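Notes for the one structure printed next.
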2 protein chains.
Amino acid sequence: MAICVTTMLRERGFKVTPQRLAIYNYLSSTKAHPNAETIFNDLQPVYPTMSLATVYKTMEILREIGLVQVLNIGEDSFRYDAFTENHPHVRCMSCGRVDDIDDIKAGKFVDDVASSTNYQLTGQQFYFFGVCPECQKQRKNPS
Amino acid sequence: MAICVTTMLRERGFKVTPQRLAIYNYLSSTKAHPNAETIFNDLQPVYPTMSLATVYKTMEILREIGLVQVLNIGEDSFRYDAFTENHPHVRCMSCGRVDDIDDIKAGKFVDDVASSTNYQLTGQQFYFFGVCPECQKQRKNPS
DNA sequence: CTATGTGCAAAATGTTTGCAGACGA
DNA sequence: TCGTCTGCAAACATTTTGCACATAG
């Protein structure tokens, strides 16, 4: 995996640095869809000198070479996902967690949109909102 | 339409003010999905003393009573839509415009997600990205 | 050795908040 | 009249930028 990032970076003319590897490795080892600050905080113990700006700059590069996708789920900050295959996300309105939704075929839906709009489509993002299983247990009275 | 806003506001215990009516009327008369600053700027000629904070505060109320929906299309700011029926949006990556996609049935797709996830779903947002018809004409060589 | 990357701090951007005076009900 | 709303400015949070030093290739 790490060697893949290395190759991808070099191919596009970007240098391979410990920070970039650390950020990508961290992101691809979590399912939590962290935002920049969370990534920064979680890497602090290992890279105490790394700055938040580096996280942002690195994310921009990783997005550019297609190694991460950027999520914007109606929050005030962006989240990042190393799982780049296009898949829907669902956010718990109670605890704020964001989960992947895998193995769903939106094919028909996407095709309909593609044929009904005059846009030249290049991508899509599907966001669902609700209450996650854990939060459902904790409060039987969802306000 | 305006009388509807008036009623909705009163029912929920909010006061009816010229600013709130102006903002809602402006929003429901455009298809451009403006952000707060655009709304503010466009209302300046008519309400020169209205502040940006009022736009934000009003949007929060209108969202709460279900008269507008808030869009977050991977941009740095939020957009607002007075067409509250749930429908997909598509953003032109070239000029930045955001259009509605009407008359699309995502039913099957939504049902699949609802049954495959353990979330208690309450809503969803679908965003598509591409190049709009106008921009396609202007540059035959989309990079 | 050279060009790019990092880390820091400052700036920019979008949104929220606190409060005194204004105004809808 | 009374409680809410407005407008202003300051506060806030997130992201971006500029620059001196460090480092990958």
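Every chain is numbered from 1 and lettered A, B, ... according to where its sequence line falls, protein lines coming before strand lines. From a predicted model like this one, the values you see are computed outputs, not experimental measurements.
With DNA chain D read from its 5' end, the first of the two nearest nucleotides for A:Ala36 and B:Ile61 is the one closest to B:Ile61.
Evaluation of the ring pair (Phe, Tyr, Trp, His ring centres under 6.0 Å) rule for A:Tyr80 yields no partner, not counting sequence neighbours. With sequence neighbours excluded, no residue forms a ring pair (Phe, Tyr, Trp, His ring centres under 6.0 Å) with B:Tyr119. Among residues two or more places apart in sequence or in another chain, the side-chain contact (heavy atoms from CB on, under 4.5 Å) test is passed with A:Ser116 by B:Ile101, B:Ile104. Applying the side chain to side chain donor-acceptor pair (under 3.5 Å) criterion to B:Gln69, with sequence neighbours excluded, gives B:Gln125. Contacts of A:Asn72 classified as side chain to side chain donor-acceptor pair (under 3.5 Å), with partners at least two apart in sequence or in another chain: B:Asn72. Residues that satisfy the side chain to side chain donor-acceptor pair (under 3.5 Å) test with B:Arg12, not counting sequence neighbours, are absent from this structure. Applying the side chain to side chain donor-acceptor pair (under 3.5 Å) test to B:Thr38 and every residue at least two apart in sequence or in another chain returns B:Asn35.
Comparing D:dT6, C:dG14, D:dT14 against the side chain of B:Thr17 picks out D:dT6 as the nearest. Of the candidate nucleotides D:dG25, C:dT15, D:dT6, D:dG25 has the atom lying nearest to any side-chain atom of A:Val16.
No side-chain heavy atom of A:Val90 sits under 4.5 Å from any side-chain heavy atom of A:Phe129.
Between A:Thr54 and the phosphate of C:dT6, there is no side-chain N or O to OP1/OP2 separation shorter than 4.0 Å. Neither OP1 nor OP2 of D:dT23 sits under 4.0 Å from any side-chain N or O of A:Gln19. Between A:Arg10 and the phosphate of D:dA24, there is no side-chain N or O to OP1/OP2 separation shorter than 4.0 Å.
We find that A:Asp81 and A:Arg79 are not joined by a salt bridge, their nearest charged nitrogen and carboxylate oxygen being 4.0 Å or further apart. Using a cutoff of 4.0 Å between basic side-chain nitrogens and carboxylate oxygens, A:Lys57 and A:Glu60 are not scored as salt-bridged.
Through direct or indirect side-chain contacts shorter than 4.5 Å among Ile, Leu, Val, Met, Phe, Trp and Tyr, B:Phe83 is connected to no other residue.
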Please produce a list of atom pairs where a protein N or O lies less than 3.5 Å from an N or O of nucleotides 17-23 of chain C.
| residue | atom | partner | partner atom | Å |
| --- | --- | --- | --- | --- |
| C:dG18 | O6 | B:Lys57 | NZ | 3.1 |

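Annotation: proximity of residues 44-51 of chain A to DNA chain C (heavy atom, distance under 4.0 Å) is found for A:Thr49, A:Met50, A:Ser51, numbered in ascending order. Residues from residues 65-75 of chain A with heavy atoms under 4.0 angstrom of DNA chain C: there are none.
Between the two ends of the helix from C:dC1-D:dG25 to C:dA25-D:dT1, each summarised by a five-pair axis, the helix axis turns through 40° (rounded to 10 degrees).
Atom CG of B:Asp111 is surrounded by more than 12 heavy atoms from other residues, nucleotides or ligands within 6.0 Å.
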